[in-house]
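Working notes for the structure below.
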2 protein chains.
Amino acid sequence: MTERTPSEASRDIPEATVARLPVYLRALTGLSEAGTATCSSEDLATAAGVNSAKLRKDLSYLGSYGTRGVGYDVEYLLYQIAREIGVTQDWPVVIVGIGNLGHALASFSGFRSRGFRVVALLDADPRRHSEVVAGVDVRPFSDLEAIVHEHGVAIGVISTPAPAAQDVADHMVAAGIRSILNFAPTVLAVPDGVDVRKVDLSIELQILAYHEQRKALGAAGVARGAGGELEGRPA
Amino acid sequence: MTERTPSEASRDIPEATVARLPVYLRALTGLSEAGTATCSSEDLATAAGVNSAKLRKDLSYLGSYGTRGVGYDVEYLLYQIAREIGVTQDWPVVIVGIGNLGHALASFSGFRSRGFRVVALLDADPRRHSEVVAGVDVRPFSDLEAIVHEHGVAIGVISTPAPAAQDVADHMVAAGIRSILNFAPTVLAVPDGVDVRKVDLSIELQILAYHEQRKALGAAGVARGAGGELEGRPA
DNA sequence: TAGATTGTTAATCGATTAACAATC
DNA sequence: TAGATTGTTAATCGATTAACAATC
């Protein structure tokens with residue numbers, strides 16, 4: 001049997017598993033708020049929208065936090081996953097680009113409730129510097145480095161238009177930020193050691209459009225009987 | 001009896017490839033706007049942020065649109081990928097939930113420029129029904145079915161708070177929508193045949209936090225604990 | 001022809017899943 | 001003990017990558 005301390009167990013977690021841990025965390029929070037003390041892998045998997053084999057496999061990378069024949073203690077597993085992800089600590093975040101999307105991000109309560117604290121909103125446009133969004137002043141982009149150092153910011157969010165994004169990323173990296181969440185529709189070049197995650201609204205829609213198109217082709221190609229469903233109302 | 005008339009190669013394109021086609025499309029648009037007539041797989045791969053082997057493998061699922069020894073005609077490949085994704089046609093979209101995020105989505109120019117047309121903004125709150133966002137009236141949620149049928153809407157965007165999202169999804173499905181882009185931080189249950197894609201801001205941040213935490217641990221000197229990190233696992 | 005680059009093959013890598021022994 | 005459920009194994013599936021024959 002392989003011996004594992006928690007810190008050793010945290011070495012080798014597959015990316016696909018890492019991406020699901022926050023989903024499990026959210027599902028556990030829901031169970032906790034509903035007053036559930038214990039849950040089976042089947043219960044939690046259902047709440048998280050995955051199958052239970054995958055859930056157990058994923059949890060096995062963290063350690064053995066369940067009890068055979070019984071299940072998982074909700075609060076205990078909640079804490080262990082939160083610790084593994086790192087959201088038991090506070091993460092100061094800076095948002096650059098306070099347009100429509102930046103406003104929405106700054107106002108998004110889900111950040112603060114999950115260990116992220118928006119410490120600064122930056123925009124290159126002086127006309128925005130008089131604004132206060134969600135209780136935080138909008139400040140000049142040139143304040144980036146000072147703010148990063150002052151608050152120990154490790155995570156930056158880019159919500160500028162595409163043409164500005166690479167320059168913003170360069171300045172973030174220069175200031176010491178090594179994790180970037182990019183909403184601008186552009187590919188960012190960053191040095192090794194810097195993580196970029198990308199959220200791209202029109203790419204998501206295009207993926208849906210691809211599948212939607214194939215559904216429509218299928219419906220048109222299949223015998224007439226199924227075609228009526230397109231115009232009629234689903235039961 | 002099913003008659004398949006796949007015009008070229010509408011066979012099974014792997015999901016991972018489908019998700020990258022919009023990225024290639026964007027890169028090609030950039031090359032086109034820069035006046036580039038022809039590009040190699042290496043050029044395009046660089047612009048798209050992938051390696052050229054993956055790019056060629058991906059394109060091979062669509063057909064043979066390049067010329068050996070020469071490369072790809074930018075405009076031709078642009079059109080072929082756009083057609084494959086389905087963005088040569090117009091996709092009417094409805095957005096439900098016109099809070100901060102809904103405002104930002106409704107104002108997002110990237111939708112319209114890529115074949116998506118926001119035909120309606122819906123909100124359950126009557127106080128929002130007087131608003132006009134990006135030239136579109138905010139209308140009652142109860143108008144959903146009429147609007148879906150009137151415009152032939154196939155794609156719905158949910159930007160409501162989490163507690164409302166399942167009900168919105170249920171009504172979308174009942175109205176005939178089969179592709180949903182969900183921004184609400186909740187797992188949606190939908191029937192087979194309905195596609196849901198999820199954009200979850202705090203999950204993205206949590207994934208970054210996980211990696212950031214590991215970087216910080218590494219920098220703090222976990223070298224001791226990591227002594228056998230690169231060894232194979234005991235069998 | 002000689003050089004360039006695609007499209008494809010095959011090896012490898014990583015993720016998913018079903019099944020079940022371990023064990024509470 | 002008997003029933004329940006975890007944690008792990010091993011098979012399978014899907015994605016990535018390097019290499020190169022085909023061919024412009």
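Every chain is numbered from 1, with letters handed out A, B, ... down the list of sequences.
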What's B/Glu15 touching, base or sugar-phosphate or nothing? Going by heavy atoms closer than 4.0 Å.
sugar-phosphate

Protein-nucleotide distance (A/Asp58, atom CG; C/dA18, atom P), rounded to Å
15 Å

Report which part of the nucleic acid B/Ala16 touches: base, sugar-phosphate, or nothing (heavy-atom distance under 4.0 Å, all strands).
sugar-phosphate

Nearest whole angstrom, please: distance from the P of C/dG7 to the CD of B/Gln80.
12 Å

When both distances are under 3.5 Å in a Watson-Crick or G-U wobble arrangement, the nucleotide paired with D/dA21 is C/dT6

For C/dG14, what is the paired nucleotide under Watson-Crick or G-U wobble rules, both distances under 3.5 Å?
D/dC13

Nearest-Å distance for atom pair CZ/C1', residues A/Arg20 and C/dT17:
12 Å

Send over the distance from B/Asp73 CG to C/dT5 C1', rounded to a whole Å.
15 Å

Here the distance between atom P of D/dG14 and atom CD1 of B/Ile13, to the nearest Å, is 15 Å

C/dG7, OP1 or OP2 - any side-chain N/O from B/Tyr72 closer than 4.0 Å?
yes

Can you find a pair of side-chain heavy atoms, one from A/Leu21 and one from A/Leu62, that are under 4.5 Å apart?
yes

Selection from C/dC24, C/dT17, D/dT17 that lies nearest to any side-chain heavy atom of A/Thr67:
C/dC24

Roughly how many Å is it from CG in B/Asp43 to C1' in C/dT5, rounded to a whole number?
11 Å

Using a 3.5 Å distance criterion without hydrogens, assess whether the side chain of A/Asp167 forms a donor-acceptor pair with backbone atoms of A/Ala164.
no

Consider the side chain of B/Ala53, meaning its heavy atoms from C-beta on, and name the nucleotide among D/dT8, D/dC24, D/dT17 that approaches it most closely.
D/dT17

Length of the NZ-P vector between B/Lys54 and D/dA18, whole Å:
10 Å

More 5' along DNA chain C: A/Val70 or A/Arg56, using each one's nearest nucleotide?
A/Arg56

Would you say the side-chain atoms of B/Thr88 pair up with the backbone N or O of B/Arg83, donor to acceptor, closer than 3.5 Å?
no

A/Asn51 CG to C/dA18 P, in whole Å, measures 6 Å

Residue B/Lys57, side-chain atoms from C-beta onward, closest of C/dT16, D/dT5, D/dT17:
D/dT17

Hey, does the side-chain of A/Arg68 have a donor or acceptor N/O within less than 3.5 Å of a partner on the base of D/dT6?
yes

Checking the side chain of B/Thr29 only, and the main-chain atoms of B/Leu25 only, is there a donor and an acceptor separated by less than 3.5 Å?
yes

Tell me whether the OP1 or OP2 atom of C/dT6 has a side-chain N or O from B/Ser41 closer than 4.0 Å.
yes

When you measure from the side chain of B/Gln213 to the backbone of A/Val87, do you find a donor-acceptor pair of N or O atoms at a distance under 3.5 Å?
no

Consider the side chain of B/Ser60, meaning its heavy atoms from C-beta on, and name the nucleotide among C/dT6, C/dG7, D/dT16 that approaches it most closely.
C/dG7

